[in-house]
Amino acid sequence: MLDRRLNAFRPDLADIALKGQVEADRFVTPEPAMITQPVVPLRPKPDLSMGIDTELLMGEEVRVFERKNGWAWVQAVDDGYVGYLLEETLGAVAVATHLVTVPRTFVYSGPDLRFPTRMALSMGSRLTIEGEAETRGTRYLLMPDGGALVSRHIRPIAEPPAPDYVAVAALFLETPYLWGGKSGFGIDCSGLVQLVMRMAGQKAPRDSDMQASGLGVPVERAELRRGDLVFWKGHVAIMEDETTMIHANGNTMSVARETLEVAIERIGWLYGTPTGYRRPVAET
């Protein structure tokens, strides 16, 4: 059975790419679109009362299979996740030139930190930059609509990625835990892994079960080192060194640092011992 999280199919409608693999009344070729709001929830059904599966960030591209009653049924281009979002959060695809590199930053109405803010963006958001300005010694980069961001908070997409995703993960310490979250405003365990690895130029699946079954290579507990991942049933953590880990968790309801030994003892009574250890392998 195909995973509904990664394949767009329903009895009445399905992705044309799945023709011959699933049955549906109609198969469609998806249309490209882009996320135009800072953080957009992706839900399993077109219903605001439903919990979210994940989030999409400003500038992420999606494939749209259906637009109906104010909702769009889409698949994220980056990780293939399928779900429903509000149609008003979509716009035409534009060429992104820059990437937000800090957990959170503001878009100002002009190149001055005293100006009103238009929105706040998360790390990983993608932007089109068309100019620059300097005010009282602070350099700003300008969006086509005049919005301005502090230049040190973003970088050109063409530049090399972050060299160490563990250091990126540490920037999120104390960020609130949010089930399905994938931003600097709220994040879950697997969202943290995916986002920080992406900032380091490495791909990761969205959910912890996907990561546990196919991200990198298995290692033994005795071999753990910086950057390795520890998995429990429904949970994942990033090793900061041989004994300490960083993870978004429901115990502190935040991204926190904890020793592996303490975590194993604390988590064990409810979820058992770790189910595995993996070492992400950088793409070449």
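All values below were derived from every heavy atom in this structure, side-chain atoms included, with hydrogens, water molecules and symmetry-related copies excluded. The first residue in the sequence is number 1, and the count goes up from there. Not measured: the values here are computed from a predicted model.
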Asker: Measure from NZ or CZ of R63 to the centre of the six-membered ring of W73 and say whether it is under 6.0 Å with the direction within 45° of the ring axis.
Answerer: no
Asker: Can you find a pair of side-chain heavy atoms, one from L215 and one from V281, that are under 4.5 Å apart?
Answerer: no
Asker: So do L42 and V74 actually touch side chain to side chain, heavy atoms under 4.5 Å?
Answerer: yes
Asker: Please check this pair: side chain of Q202 against backbone of P280, looking for a donor-acceptor N/O pair closer than 3.5 Å.
Answerer: no
Asker: Between D15 and R10, is there a side-chain N and carboxylate O pair less than 4.0 Å apart?
Answerer: no
Asker: Given side-chain contact (heavy atoms from CB on, under 4.5 Å), test T128 with E130 step by step and report yes or no.
Answerer: CA-CA 7 Å; T128 301; E130 292 188 346; 4.3 Å; yes
Asker: Look at R221 together with E261 and state whether they make a salt bridge at an N to O cut-off of under 4.0 Å.
Answerer: yes
Asker: Verify whether one side chain among D207 and Y81 offers a donor that lies under 3.5 Å from an acceptor in the other.
Answerer: yes
Asker: Between T275 and F231 (side chain of the first, backbone of the second, donor and acceptor by atom type, cut-off under 3.5 Å), is there such a pair?
Answerer: yes
Asker: Would you indicate whether the side-chain heavy atoms of R136 and R114 approach each other to under 4.5 Å?
Answerer: yes
Asker: So V82 and R5, do their side chains get closer than 4.5 Å, heavy atoms only?
Answerer: no
Asker: Flag yes if more than 12 heavy atoms outside W71 fall under 6.0 Å of its CH2 atom; otherwise flag no.
Answerer: yes
Asker: Answer yes or no: is there a donor N or O on one side and an acceptor on the other, between the side chain of S190 and the main chain of R206, under 3.5 Å?
Answerer: yes
Asker: Minimum heavy-atom separation for M119 and P38, please, with both atom names.
Answerer: SD-CG, 3.8 Å
Asker: Any salt bridge between E258 and R266, counting N to O under 4.0 Å?
Answerer: yes
Asker: Is the backbone N or O of G191 less than 3.5 Å from a side-chain atom of K182, with the two atoms forming a donor-acceptor pair by type?
Answerer: no
Asker: Tell me if the CD atom of E223 is crowded by more than 12 foreign heavy atoms within 6.0 Å.
Answerer: yes
Asker: Any side-chain heavy atom of Y177 within less than 4.5 Å of one from S254?
Answerer: no
Asker: Does the S122 side chain pair with the main chain of S183, one donor and one acceptor, at a distance under 3.5 Å?
Answerer: no
Asker: Do the side chain of Q211 and the main chain of P205 share a donor and acceptor less than 3.5 angstrom apart?
Answerer: yes
Asker: Can you find a heavy atom in the side chain of L224 that is under 4.5 Å from one in the side chain of V219?
Answerer: yes
Asker: Would you name the heavy atoms of P41 and I52 that are closest together and state the gap between them?
Answerer: CB-CG2, 3.4 Å
Asker: Taking the side chain as every heavy atom from C-beta outward, state whether M50 and D47 have any atom pair closer than 4.5 Å.
Answerer: yes
Asker: Answer yes when D228 and R279 have at least one side-chain N-carboxylate O distance shorter than 4.0 Å, and no when they do not.
Answerer: yes
Asker: Salt bridge check, E134 against R139: does any charged N sit closer than 4.0 Å to a carboxylate O?
Answerer: no
Asker: How close do L171 and P103 get, heavy atom to heavy atom, and via which atoms?
Answerer: O-CG, 3.6 Å
Asker: Look at K203 together with D78 and state whether they make a salt bridge at an N to O cut-off of under 4.0 Å.
Answerer: no
Asker: Counting neighbours of CZ on F27 that are heavy atoms of other residues, nucleotides or ligands and sit closer than 6.0 Å, is the number greater than 12?
Answerer: yes
Asker: Do the side chains of M123 and F172 get nearer than 4.5 Å, heavy atoms only?
Answerer: yes
Asker: Hey, are R26 and E66 close enough for a salt bridge, meaning a charged N less than 4.0 Å from a carboxylate O?
Answerer: no
Asker: Could you grab the distance from atom CD of E159 to atom CD1 of I154, nearest 0.5 Å is fine?
Answerer: 10.5 Å
Asker: Can E240 and R257 be counted as an ion pair, charged N to O under 4.0 angstrom?
Answerer: yes
Asker: Rounded at 0.5 Å granularity, tell me how far CD in E31 sits from CG in L90.
Answerer: 11.0 Å
